[in-house]
Amino acid sequence: MGTECSTGRTKRQPDSQHRDGFQQGMIEAGLAQATRGVYLREFDRFEAKLDRKTGGTAAVRDARRYLSRMKESGASESRYANASAALRFFFEKVRGVPWQPLSPLRMRMCEDMMLRHFSPKTQSSYVRSVIGLARYYGRSPDQIGEEEIRRYFVHLTCERKLARPTITIALCGIKFFYEVTLGRDWSLTGVPVPKRQKKLPVVLTVEEVRKILRCVHVVRHRACLTLIYACGLRLSEGCKLTVRDIDRARGLLHVTGKGSKDRYVPLPPVVLPLLEECWRSHRNPTWLFPWVGRGAARGRASQDHVPIKTVQQAFREALKESGVSKKVSVHSLRHGYATHLLEKNVRLQQIQHWLGHSSPKTTTIYAHVTEPITQEATQTVHRLMDGLIQGG
């Protein structure tokens, strides 16, 4: 406390996570070391002027207000240009926030999505889809007709040959814009929803799961991946768990899933010692798996959870070290959870609830990859066909 008073600091701490991301983004972009130093210095000056905000929570309007005051104070043209370029790089490349001010049309679309409680990720994807359409024709999307929309999807499918999930996201975003924001009839475009590909998931055996998890050497990453398997979580669900989500008395884990839908899943007692060891390694008051960076190294509690990419990288490294040759990802742990429970005769409806599936059709896919069920059915086929072909 004495240090804060003597230096004149406020309670707000610098956003070390986004500062680190800023430095990494400049390195990946190939900026010269001198340029990186100038940009970082301007970023620090901007953040120091923020009131109760950090670089990660500031809006573009805050940056533009800062630049305006900078010009009014008589800053040189070179310094103003450096600050403007640095902040634009930070917002666009690090945070993925458009530097140009939002048009009334885009603002209306964003408001429509917020009213429906779309996740930030969905909102960003939908906006990018509409931006792609507008750029293709070089004019505002509300000036593009139904036939032009149909031709755009022909372009995406036949010329660019994009994958079905990519086209589906574009279609959902543009359809939402035209039906909700503009109030038009989407059926007039004649654009069909791409046919869903039916692919069975690659499933790890119980022993393969254990081999991979044993090769995760950082305790917080091992704890996160272990819990993802032990509770059948999505990757994002596991990364965003808080300390309060653990109900030790009832042996349950509270999970906030897609669409902000809550559910409780059994928390196996065997994972509790690992979770305790993980928490003792960081003692974060909020996050079960916090982001660890420069701020944490200085003794400050992280304000954000572990990045999804960090856990993905830890899984890839463990997979390589384990020697398991299957083409799998973190999500395969969730597939394994469902399949292994089904093999132990847990009811499909119960597994559906624990996975957070809205429809039982989504869960029934695991019946097709469950080994004992498949083997039993195969043996039945063999017995049925015995004597089908006889000599003479």
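Note that these values count all heavy atoms, side chains included, but never hydrogens, waters or copies made by symmetry. Since the structure is predicted, the reported quantities are computational estimates derived from the model, not experimental observations.
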Would you please say whether a donor-acceptor pair under 3.5 Å links the side chains of [X] and [Y]?
{"X": "Arg128", "Y": "Ser124", "result": "yes"}
{"X": "His221", "Y": "Gln313", "result": "no"}
{"X": "Ser125", "Y": "Thr122", "result": "no"}
{"X": "Ser358", "Y": "Lys261", "result": "yes"}

So how far is it from [X] [atom1] to [Y] [atom2], rounded to the nearest 0.5 Å?
{"X": "Leu241", "Y": "His305", "atom1": "CG", "atom2": "NE2", "answer": "10.0 Å"}
{"X": "Thr181", "Y": "Leu105", "atom1": "OG1", "atom2": "CG", "answer": "7.0 Å"}
{"X": "Leu342", "Y": "Leu348", "atom1": "CG", "atom2": "CG", "answer": "6.0 Å"}
{"X": "Leu204", "Y": "Arg210", "atom1": "CG", "atom2": "CZ", "answer": "13.0 Å"}
{"X": "Met70", "Y": "Leu87", "atom1": "CE", "atom2": "CG", "answer": "8.5 Å"}
{"X": "Thr189", "Y": "Leu171", "atom1": "OG1", "atom2": "CG", "answer": "7.5 Å"}

For this session: For the pair Leu227 and Leu267, evaluate side-chain contact (heavy atoms from CB on, under 4.5 Å) and give the outcome as yes or no after the intermediate values.
Result: CA-CA 8 Å; Leu227 196 59; Leu267 179 61; 3.6 Å; yes
For this session: Please work out whether the ring planes of Phe22 and Phe90 are parallel, tilted or perpendicular, with thresholds of 30° and 60°.
Result: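 Rings of Phe22 and Phe90: perpendicular, as their planes differ by over 60°.
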For this session: Give the ring-plane orientation class for Phe46 versus Phe43, where under 30° counts as parallel, over 60° as perpendicular and anything between as tilted.
Result: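 Phe46 and Phe43: tilted rings.
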Exercise. Run the side-chain contact (heavy atoms from CB on, under 4.5 Å) check on Arg45 and Arg79 step by step: do they pass?
Worked result: CA-CA 12 Å; Arg45 288 171 174 167; Arg79 193 194 153 195; 3.2 Å; yes
Taking 4.0 angstrom as the limit, do [X] and [Y] come out as a salt bridge?
{"X": "Asp62", "Y": "Arg65", "result": "yes"}
{"X": "Arg283", "Y": "Glu277", "result": "no"}
{"X": "Lys211", "Y": "Glu208", "result": "no"}
{"X": "Glu111", "Y": "Arg116", "result": "no"}
{"X": "Arg139", "Y": "Glu148", "result": "yes"}
{"X": "Asp245", "Y": "Lys240", "result": "no"}

Joint hydrophobic cluster, [X] plus [Y], side-chain heavy atoms closer than 4.5 Å:
{"X": "Val218", "Y": "Ile212", "answer": "no"}
{"X": "Val270", "Y": "Leu252", "answer": "no"}
{"X": "Met113", "Y": "Ile169", "answer": "no"}
{"X": "Ile131", "Y": "Leu133", "answer": "yes"}
{"X": "Val330", "Y": "Val219", "answer": "no"}

Minimum heavy-atom separation for [X] and [Y], please, with both atom names.
{"X": "Glu42", "Y": "Ala83", "answer": "OE1-CB, 3.6 Å"}
{"X": "Phe91", "Y": "Ala63", "answer": "CE1-CB, 3.6 Å"}
{"X": "Val191", "Y": "Trp186", "answer": "O-NE1, 3.9 Å"}
{"X": "Tyr39", "Y": "Ala85", "answer": "OH-CB, 3.2 Å"}

Take atom [atom1] of [X] as the centre, draw a 6.0 Å sphere, and report whether it contains more than 12 heavy atoms from other residues, nucleotides or ligands.
{"X": "Lys258", "atom1": "NZ", "result": "no"}
{"X": "Arg69", "atom1": "CZ", "result": "no"}
{"X": "Arg108", "atom1": "CZ", "result": "no"}
{"X": "Glu207", "atom1": "CD", "result": "yes"}

For this session: Check the pair Leu333, Tyr337 against side-chain contact (heavy atoms from CB on, under 4.5 Å), reporting the backbone distance first and the verdict last.
Result: CA-CA 6 Å; Leu333 297 176; Tyr337 169 86; over 6 Å; no
Quick one: does any side-chain atom of [X] pair with a main-chain N or O of [Y] as donor and acceptor, under 3.5 Å?
{"X": "Ser332", "Y": "Ser329", "value": "yes"}
{"X": "Thr226", "Y": "Arg222", "value": "yes"}
{"X": "Thr57", "Y": "Thr54", "value": "yes"}
{"X": "Lys161", "Y": "Cys158", "value": "yes"}
{"X": "Arg220", "Y": "Val306", "value": "no"}

For this session: May I ask you to test the Tyr66-Glu47 pair for a side-chain heavy-atom distance under 4.5 Å?
Result: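 Not touching, per the 4.5 Å side-chain cut-off.
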Exercise. So do the side chains of Tyr178 and Lys175 get within less than 4.5 Å of each other, counting heavy atoms only?
Worked result: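 In short, these two side chains do not touch, never coming nearer than 4.5 Å.
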For this session: Could you give me the CA-CA distance, side-chain angles and deciding distance for Arg19 and Asp44, then say whether side-chain contact (heavy atoms from CB on, under 4.5 Å) is met?
Result: CA-CA 8 Å; Arg19 191 178 190 276; Asp44 289 339; 2.8 Å; yes
Problem set entry | Output field: ring centroids Phe176/Phe118 closer than 6.0 Å |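 Yes; Phe118 has its ring centre under 6.0 Å from that of Phe176.
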Less than 3.5 Å apart, which donor and acceptor atoms pair up between the side chains of residues 228-236 and the rest of the protein, not counting sequence neighbours?
from   : atom 1 : to     : atom 2 : distance (Å)
Tyr229 : OH     : His340 : ND1    : 2.9
Arg234 : NH1    : Glu237 : OE2    : 2.5

For this session: With Arg184 as the cation and Phe177 as the aromatic partner, state whether NZ or CZ is under 6.0 Å from the six-membered ring centre and within 45° of the axis.
Result: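 Judged by the rule (NZ or CZ under 6.0 Å from the ring centre, within 45° of its axis), Arg184 is not positioned above Phe177.
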